[in-house]
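See below for the structure under consideration.
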Amino acid sequence: MSCPRTGDRRQATGNGQPPPALTLVLVVAVVSGCSLDPIVGGECVPGLIDCGGRCVDPKLDDENCGGCGNVCIQGGACVAGACVGGGCEFPETWCDGAACADLSSDPENCGECGNRCDEGERCASGECVGDCPEGLLDCDGACVDPREDPANCGDCGAACEPGEYCVDGECAGGCPEGLVECGRMCVDTGSDPANCGGCGQACDDGSVCVAGVCVECDLDEVRCDDECVELDSDPDHCGGCATRCEALEECQDGTCVLPCPPELHDCRTGACVDFQTDPDHCGSCDTVCGPDESCQAGSCVDQCGEGLRACSRQCVDVTTDPDNCGDCSIVCDTGICEEGRCRAGAIGHVVAVGHDYAVTRRDQSRIVGNAVLIAQGTLQVLTYAQYADADSARNVVDAVTSTATDASRQVTFTELEDPQLLEADLVNYDVLLLFAQTSAEPDTLQALGELWSGALAAFLARGGVVVFVDWSEGDALGGTYRILNAAGLMTIDGMVDVTGDELLVVGAGDAVATGMQANYRGERHTVRFLSEEANVVVANDEGPVVIHKVFLP
């Protein structure tokens with residue numbers, strides 16, 4: 001059906017009345033919900049829309065079905081705002097230029113013809129959503145109900161044979177008792193808002209289907225599928241029809257939240273509050289203490305008692321409070337505050353590696369890489385190379401980078417320019433990497449250890465990682481271990497060249513041995529340390545080649 005053209009009204013009799021034939025047309029137009037009158041100085045009556053200067057009923061107008069310009073295919077008709085017939089099988093709709101489309105699930109025509117969902121969205125019940133609601137499947141970008149969709153019956157792509165229906169996820173020859181055939185779907189016309197009382201009789205967006213009759217939802221409710229719900233409080237439709245809260249969560253003001261434990265209270269602030277100590281909710285949600293008051297035992301008081309201090313309008317003991325340790329707002333990461341000082345809870349690491357990396361192989365490279373990767377997060381490495389061989393230092397950096405890449409970790413290297421500034425610079429780094437200082441005199445290395453003693457101890461106390469490589473050859477001086485000896489962090493009496501020896505991974509469970517084979521060959525300039533230190537990771541038959549020392553808080 002289509003409405004008569006506005007120009008046809010000019011065919012009137014001499015007395016200004018339309019001819020009998022036109023009168024019949026006008027009667028049909030009014031009954032059908034179409035208007036021949038152009039809009040003059042006003043708006044269309046409720047239920048009609050303005051399409052090109054004419055008031056039309058989008059529920060019945062074949063040329064503006066569901067919206068202006070949406071023309072039903074030849075042979076089709078507009079029923080409840082959707083084109084049916086004319087080659088489209090119910091519940092599909094003819095969308096001009098897009099052929100037949102199911103407005104309930106087509107992401108290219110979601111809810112109405114031409115309404116395309118954004119990338120990553122699906123179409124569910126005529127609405128664009130990020131993920132398909134529970135019970136629906138994502139089949140080529142459309143959310144379908146495998147319990148009743150004959151094209152995806154039980155699973156995506158599992159189509160029923162012609163003449164069959166999809167009932168509870170299985171193809172059947174007919175609809176069970178109580179359901180009605182609508183197209184190739186079996187529906188309950190008593191409760192289905194898309195087929196309320198009969199096929200194609202869709203309820204408005206704000207209505208549900210009850211006993212085959214469309215019933216409007218209350219003002220504070222919206223329609224979600226076949227029920228009226230309150231989005232502010234319904235955990236199955238929290239803030240939106242497709243949003244379901246997780247187990248134990250509640251729906252508050254359209255947001256899924258975990259309920260507060262018994263000793264705390266929900267004041268709709270996004271956090272659970274303690275009536276006993278919270279100055280903004282002291283004794284109740286609505287009681288706010290003054291700027292010079294604190295909250296004690298659920299009451300606002302003018303000052304704190306003896307031994308307490310006001311921090312953020314709360315009376316606290318700064319000698320034991322981990323959120324105000326020693327002073328207001330000093331937070332202990334460990335949650336332990338003793339005598340006004342945070343007890344350190346981090347574990348420090350020192351790793352001694354007896355390789356120079358002049359020749360590199362996978363396992364030998366992994367040793368120094370694993371040592372650096374003990375640090376967590378994005379690795380910020382401070383290096384010291386003042387007395388180091390440039391080629392050896394470069395090979396160590398390459399070995400660390402390769403291991404970090406294999407572990408999908410990012411690592412950044414920065415060279416320490418002035419050894420006097422080590423303490424200040426270490427604040428911004430996770431790892432201190434000392435290359436073998438092969439051109440330094442023993443006294444120089446001893447002096448560096450004494451200079452750095454306090455800085456290294458503090459660095460390890462907050463969980464820092466110190467890694468050093470060592471080797472010597474011929475007239476090379478070496479002995480980077482002297483820095484750690486002088487700083488009081490390790491005891492090594494010397495080193496012996498063991499190039500070519502078979503080395504055993506004796507600390508297979510240590511983090512430094514991650515991904516290692518049980519043994520490997522010591523490449524050029526490999527040394528073993530003369531040391532009684534424990535926590536040996538790699539050794540030959542006579543002594544340690546790699547040592548990992550742990551510093552507990």
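At a cut-off of 3.5 Å, with distance as the only test, no side-chain donor of Thr255 or Asp253 sits close to an acceptor on the other residue. A side-chain donor from one of Thr480 and Asp470 sits under 3.5 Å from a side-chain acceptor of the other. For the residue pair Asp430 and Gln380, no side-chain donor N or O sits within less than 3.5 Å of a side-chain acceptor on the partner. Ser284 and Thr287 share a side-chain donor-acceptor pair at under 3.5 Å. Residues His548 and Asn535 bring no donor and acceptor atom of their side chains to less than 3.5 Å of each other. No side-chain N or O of Glu502 forms a donor-acceptor pair with one of Asn540 less than 3.5 Å apart.
Checked against ring pair (Phe, Tyr, Trp, His ring centres under 6.0 Å), Phe468 has no partners two or more places apart in sequence or in another chain. For Phe275, the ring pair (Phe, Tyr, Trp, His ring centres under 6.0 Å) partners two or more places apart in sequence, or in a different chain, are His265.
In this structure, Cys325 and Cys337 have their SG atoms less than 2.5 Å from one another. Distance check for Cys238 and Cys251: the SG atoms are under the 2.5 Å cut-off.
Taking the six-membered ring for Trp and the full ring otherwise, Trp452 and Tyr384 have centroids separated by under 6.0 Å.
Note on ring orientation: taking the six-membered ring where Trp is involved, the planes of His525 and Trp471 are parallel (angle under 30°, cut-offs 30° and 60°).
The line from SG of Cys143 to CG of Asp149 is 11.5 Å long, rounded to the nearest 0.5 Å. Interatomic distance, CG of Leu137 versus CG of Asp155, reported as 6.5 Å (0.5 Å rounding).
Nearest heavy-atom pair across Val467 and Ala371 is CG2-CB, 3.8 Å. In terms of heavy-atom proximity, Val397 sits nearest to Phe413 at CG1-CE1, 3.7 Å.
For CD of Gln410, the number of neighbouring non-hydrogen atoms (other residues, nucleotides, ligands) closer than 6.0 Å is 12 at most. Around the CG atom of Asp140, the shell of radius 6.0 Å holds no more than 12 heavy atoms that belong to other residues, nucleotides or ligands.
Taking the charged nitrogens against the carboxylate oxygens, Arg309 and Asp317 have no contact shorter than 4.0 Å, which rules out a salt bridge. Remark: Arg528 engages Glu542 in a salt bridge, criterion side-chain N to carboxylate O under 4.0 Å. A salt bridge links Arg394 with Asp391: at least one charged nitrogen is closer than 4.0 Å to a carboxylate oxygen.
Side-chain contact between Asp106 and Cys123: absent, with no pair of heavy atoms (C-beta onward) separated by less than 4.5 Å.
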**Study point:** Full working for side-chain contact (heavy atoms from CB on, under 4.5 Å) between Leu489 and Leu456
**Key:** CA-CA 9 Å; Leu489 302 178; Leu456 293 178; 3.7 Å; yes
Point to revise | Intermediate values then yes/no, disulfide (SG to SG under 2.5 Å), Cys332 and Cys342 | key: CA-CA 5 Å; Cys332 297; Cys342 293; 1.9 Å; yes
